[in-house]
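Letters A, B, ... mirror the listed sequences (proteins, then strands); counts begin at 1. As the structure is a prediction and not an experimental result, all values here were calculated from the model.
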Number of protein chains: 2
Amino acid sequence: MRLTKRKMAAALREHGYKLTPQRRAVITAIASSPDHLTPTALHRKVQQDHPTIGLVTIYRTLEILVKLELTCELHAGGSCRSYTIAAPGLHHHLICSDCGEVIDFSGYYLAELEQRLYRETGFEIEGHLLEFIGRCQNCRQNV
Amino acid sequence: MRLTKRKMAAALREHGYKLTPQRRAVITAIASSPDHLTPTALHRKVQQDHPTIGLVTIYRTLEILVKLELTCELHAGGSCRSYTIAAPGLHHHLICSDCGEVIDFSGYYLAELEQRLYRETGFEIEGHLLEFIGRCQNCRQNV
DNA sequence: ATATAAATGATAATACTTTTCATTTAGAGC
DNA sequence: GCTCTAAATGAAAAGTATTATCATTTATAT
């Protein structure tokens, strides 16, 4: 189940952040898009309804949303960073190198590996980033 | 066993790239550093011995080295991209969120998961990026 | 309704990366 | 070794992404 706008707003409040129209707009845009969006793309989307919102506010809001784990950040080669709403348990990505489609997936737990790494290196693992790059069905067929 | 400078140079040749002094210098710098270096850091290092080499050449050379899989690219939160010599079979990273230390590790194969993803989504997987973020032993102790 | 700390937008500054183009050079062929 | 040519280089500029500054506005507690 994906996070709802309502829950995201509540989480902001809980952590002492004000619920401004701008932040609502960003949340709405993220929550209503299945895609990963770059800050600029998100800005364009938000501006459709709220033309005065600045790109800087997008950056600032994303920073908060990522900190509260309400959105997740994607790093895929090249100039990176795009964002999408966080889906609990779905923190891995499958990225098409051709069309850029992103599929989230879950069901693979890295806990065992994390423990081994802790024993061997003393690293206390806080998070991970697992991304696969490939070519999606469509792109493979439309050669 | 890590790649030697000699092998990297040979690989360049094999693929029809010229072996210029600048490229030698970049290869030397990468091969002799255990750390992941950003393009800028690499530039500084190279300039110690070859002050005239431009940053653009660093970027261009890195592009080739990554394409030939002689170096690997790291994406770790924030403004990303750093590079290190590729160690065959060691394509995963353990990054300290505190001091930035990077440990490569291997021994965990994602082949099984890749096959499952192929069956379920039709994605033909070409590569992956697995990175753990955490705090290294030192940073945990020196609170 | 008011006070206040936080948030916003405009602007500028900074950093990162790519493009363009004239000049230089590595390496193939002789 | 010398010549030729395609490829590589460096300088400069352009393009893009991100962060900082600051005066003004605003959400919310009271």
Enquirer: If you measure from CD on A/Glu63 to CG on A/Leu68, what distance do you get to the nearest 0.5 Å?
Expert: 10.5 Å
Enquirer: Roughly, in whole Å, what's the span from CD in B/Glu63 to C1' in C/dT17?
Expert: 11 Å
Enquirer: Heavy atoms only, 4.0 Å cut-off, all strands: where does B/Arg24 land among base, sugar-phosphate and nothing?
Expert: nothing
Enquirer: CG of A/Leu55 versus P of D/dT16: gap in Å, rounded?
Expert: 13 Å
Enquirer: Can you tell me how far NZ of A/Lys7 sits from CD of A/Glu14, rounded to the nearest 0.5 angstrom?
Expert: 11.5 Å
Enquirer: Indicate yes or no: at least one non-hydrogen side-chain atom of A/Ile30 is less than 4.5 angstrom from one of A/Leu65.
Expert: yes
Enquirer: Kindly calculate the angle separating the two end axes of the helix from C/dA1-D/dT30 to C/dC30-D/dG1, each obtained from five base pairs, and round it to 10 degrees.
Expert: 50°
Enquirer: Would you give the length of the straight line joining atom OH of B/Tyr59 to atom NE2 of B/His43, rounded to the nearest 0.5 angstrom?
Expert: 10.5 Å
Enquirer: At under 4.0 Å between heavy atoms, how does the protein contact nucleotides 4-14 of chain D? Give one character per nucleotide, 5' to 3', with B, S or -.
Expert: --BSSBB-B--
Enquirer: Grab the NE2-P distance between A/His43 and D/dT18 for me, whole Å please.
Expert: 14 Å
Enquirer: Under 3.5 Å, is there a donor-acceptor pair between the side chain of B/Arg13 and the main chain of B/Leu19?
Expert: no
Enquirer: Please report, rounded to the nearest Å, how far the P atom of D/dT16 is from the OH atom of A/Tyr59.
Expert: 13 Å
Enquirer: Has B/Lys45 got a side-chain atom pairing as donor or acceptor with B/Ala29's backbone, closer than 3.5 angstrom?
Expert: yes
Enquirer: Side chain of A/Gln47, backbone of A/Ile53: donor and acceptor closer than 3.5 Å?
Expert: yes
Enquirer: Would you mind reporting whether A/Tyr17 and A/Lys67 have side-chain heavy atoms less than 4.5 Å apart?
Expert: yes
Enquirer: Round to the nearest Å and state the distance from A/His50 atom NE2 to C/dT8 atom P.
Expert: 12 Å
